[in-house]
Amino acid sequence: MSMVWPCPLTVDAYASMGRAVRVPRPECPSCLVPVVFWSGYWRHVRGQERERKIFIPRVRCRACGVSHAMLPAFVLVRRLDAAEPVGAVIGRVAGGACGVRRAAAAAGVPYTTARGWVRRFTARAGELAVSFSALAAELGGEVVRPRPDPLRSAVAAIGAAFTAAAGLPGWAALGRWRFACAVTGGSLLAASASSPFLMIGRRRFMPPGSR
Ligand SMILES: [Zn+2]
């Protein structure tokens with residue numbers, strides 16, 4: 001299992017720190033007791049057209065024995081690319097500024113890669129629109145009216161939720177795609193129909209500055 005923490009560092013800054021990145025210590029989502037740090041692993045992430053190797057610490061709950069990977073908010077589960085380039089492509093396409101081909105060129109990624117992101121995001125856009133609209137309302141933000149285009153609806157809802165969250169300490173610096181990544185547990189593009197949005201209902205997402 002994994003948890004996403006609201007990391008404000010750039011990919012390069014995070015990578016350069018190696019194992020020395022200070023990660024906030026969360027509570028076990030099941031037992032609500034503080035976990036302990038428990039090894040970790042290395043993985044790759046591609047941000048700003050460059051691939052970097054980063055360390056992902058693991059935490060373990062002494063009470064139930066379950067361990068969690070602590071993913072920084074720029075990492076998407078089972079994806080090489082960081083949240084920002086993925087979000088930039090999706091945002092441009094949803095905004096109608098251009099098609100996937102030009103959005104891919106602007107982000108410096110292959111067309112087929114960008115097309116895959118847009119397809120995956122669109123496949124779960126309806127669910128994302130509903131969840132982020134609910135979160136925006138819960139945070140006291142604007143009520144997002146559903147639009148016929150699910151992709152636009154989802155991006156608008158993420159924007160509204162982020163705008164509402166940006167009034168709370170810490171979130172504004174992260175930007176809307178890291179915010180979206182943190183709220184969905186890194187599964188913004190995940191095909192699985194399991195419900196990462198338990199994080200919203202139970203307020204399981206970790207606010208910045210809670211370390
Ligand atoms: Zn536990």
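Counting starts at 1 for both ligands and their atoms, in listed order. The model shown is predicted, which means the values in this text are computed figures rather than measured ones. Side chains included, hydrogens not; waters and symmetry mates left out as well; all remaining heavy atoms used.
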Greater than 12 external heavy atoms within 6.0 Å of R102's CZ |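 Counting neighbours around CZ of R102, 12 or fewer heavy atoms of other residues, nucleotides or ligands fall under 6.0 Å, so no.
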Look up atom CD in E27 and atom CE in M3, then write down how far apart they are to the nearest 0.5 Å.
->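 Going from CD on E27 over to CE on M3, the span is 9.0 Å.
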Straight-line distance of T184 OG1 to L135 CG, nearest 0.5 Å = 11.0 Å
Under 2.8 Å from the Zn ion (ligand 1), which protein N/O/S atoms are there?
-> C28 SG, C31 SG, C61 SG, C64 SG
Taken in chain and number order and not counting sequence neighbours, the residues that satisfy side chain to side chain donor-acceptor pair (under 3.5 Å) with R101 are none
Can you list the residues that meet the side chain to side chain donor-acceptor pair (under 3.5 Å) rule with R50, with sequence neighbours excluded?
->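 If we apply the side chain to side chain donor-acceptor pair (under 3.5 Å) test to R50, skipping adjacent residues, the hits are D12.
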Does F55 have any ring pair (Phe, Tyr, Trp, His ring centres under 6.0 Å) partners at least two apart in sequence or in another chain, and if so, which?
-> W42
